[in-house]
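In what follows, a single structure is set out as structure tokens and then discussed.
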Amino acid sequence: ADLTYVSFSFKVGSNKIQKESIGAYTLHDIFAFAGNAIQGNSIFENGTLGIDLGGDGVTPNDDFDADSSPNRLQNFPILTALITENSATRFAGGLGSTAGASFRIEFFSSEAQDPTLHGEGQTFLGFTNTTSDGNGDAIFSVLLPVARSRNLFYTATATNTATNDTSEFSPVFAPIIVNSTGDAGDSDLDDGRCFTGVNTPAGDPECPMRAAIRTANDRLGMDSIEFDIRTTPVIQPLAQLPDIEEAALIDATTQPGFVTTPVVRLEGTNAGDADGLRIDSSNVEIRGLAIDHFQGIGLLSFNTIHLADIEVVNNGRSGIQVNNEALHITGKAKVNNNGLLTPPAQCSLQFPPVVSAIRATGEITAEAVEVMNNCGAGIFTFERIELGNTTVIGNGSFGVFGSRGVTLTGDGHDISDNGERGLDSIDGPVTITGSLRANNNGQREAQMGGPQACFNQPGGIAAEGTIMADDIEASPDFGMLEPSK
């Protein structure tokens, strides 16, 4: 017979519970009052919720989680991002609950989702621990050795480790999906979903880029912004987009049609005096996006940022600029023809350069780069640079300048026809593996009548430390190898 509730506590762990549910008051298998830790189970194919606190369906979260039994109505977490990292998956999200408490967050996958969209937990994937702050907010991010599948549904639970109260299952993970090239904002920032208030022609709630960023900024924890635009995926904002203020993955490789080069374009033709994207948060990654024709900087970040398979071209000022922190690029970055609105006098013989195709305050690492025909320097930092296959041609100032050393790996590098030195390190060594062509650099300096300062002498490669190279071609007219002074 069903029980109403009992006033003792217990722990349910490592069980398979199929075609039933775990809960309280009017459930079939296990009945509890408070302090019931439900951990590491397989719970699926249930007619009602997999875990139901109160037997009354989904119990909404509330502020500060100050509830009575059963299980003190422990709030459930929210999964906001699933990020593929090689063969593993990073699970990220947030929990609003009791202030200053510790929680165990468990993660599950299922072949089907509950009709309520609050998932069950067919396969236990792993867990992480987190602690809430004084406002009761906790964020979590953990890399688990499982591959994400588009055919599975992912969910999570939270257990207060002091009281042993386990929550109901969270909503099934649902990324923020940009499905429109429009420019409207989110109609309700408090509901946690991206929706302008109107539907797309396909009948889905409209979510353009502007609304997606606002929604991500308003949600707790890292967010995953994906793309499914059914028309030509060219996004043309009418003004500056909101700064990205919270951890996020903006993953345009999810747009149908992406293979290796961007198909989603963020185009600034109608945006006025604006930058393409501005990032004011750590733990931001952007994949598979093209940014072009903005009057300002293509991509401006105030924190370390990770980019993958990105294209930044034809912008008015610098292409990619990272203030105060480092820049890391995987895949290939194409950064060409930037600085179009920069006065020609600022394109060369300025130290440090006024504009650059790629510039960071911290170190710069990249697997493969194409940097061509930009006003100002090609790649510039006062820290270290490490590049894979490198093409840096026809830029107004330095080709590659890394104060604390430059390392080129791979093969077939070409750093040629740049206005000042092709490759320069004033406080570190230069190491080159594979072949490097470094011809006709320093032409603008020569045209100006010779060196303007010791660090602006024409030459192909210069270093304060050693120069170690496998195979270099440097033309005799402007391609000298020389130490910096």
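This one's a predicted model, so the numbers in the text were calculated from it and none came from an experiment.
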TODO: First locate atom CG of Asn129, then atom CZ of Arg104, and finally report the distance between them rounded to the nearest 0.5 Å.
DONE: 7.0 Å
Task: Any donor-acceptor N or O pair under 3.5 Å, side chains Asn303, Ser301 - done: no
Open item on the list: Given Ile310, which partner from the list Leu299, Thr330, Thr261 fulfils the side-chain contact (heavy atoms from CB on, under 4.5 Å) test?
Closed with: Leu299
- [ ] Give, for atom CG of Leu277 and atom CG of Leu266, the distance between the pair rounded to the nearest 0.5 Å.
- [x] 5.5 Å
Task: Parallel, tilted or perpendicular: rings of Phe169 and Phe108 (30°, 60°) - done: perpendicular
Would you be so kind as to tabulate the donor-acceptor pairs closer than 3.5 Å made by side chains of residues 57-66, with sequence neighbours excluded?
residue : atom : partner : partner atom : Å
Thr59   : OG1  : Leu53   : O            : 3.2
Thr59   : OG1  : Glu168  : OE2          : 3.2
Asn61   : OD1  : Phe76   : N            : 2.9
Asn61   : ND2  : Phe76   : O            : 3.0
Asp65   : OD1  : Asn75   : N            : 3.3
Asp65   : OD2  : Gln74   : NE2          : 3.2
Asp65   : OD2  : Asn75   : N            : 2.8
Asp65   : OD2  : Ser97   : OG           : 2.7

Can you give the donor-acceptor pairs under 3.5 Å from side chains of residues 237-247 to other protein atoms, not counting sequence neighbours?
residue : atom : partner : partner atom : Å
Gln240  : OE1  : Asp275  : N            : 2.8
Gln240  : NE2  : Asp275  : O            : 3.2
Asp243  : OD1  : Arg278  : NE           : 3.2

- [ ] Would you mind checking if Glu311 and Arg287 are paired as a salt bridge, meaning a charged N to carboxylate O distance below 4.0 Å?
- [x] no
Open item on the list: With side chain to side chain donor-acceptor pair (under 3.5 Å) as the rule and sequence neighbours excluded, what pairs involving residues 288-300 come up?
Closed with: Arg265-Asp292
TODO: Check whether any side-chain N or O of Glu367 sits under 3.5 Å from a backbone N or O of Gly331 as a donor-acceptor pair, and report yes or no.
DONE: yes
Task: Basic-acidic side-chain contact under 4.0 Å: Asp67, Arg72 - done: no
- [ ] Please work out which of the three classes, parallel, tilted or perpendicular, describes the rings of Phe382 and Phe401, given edges at 30° and 60°.
- [x] perpendicular
Task: Short side-chain donor-acceptor distance under 3.5 Å, Ser180 and Glu206 - done: yes
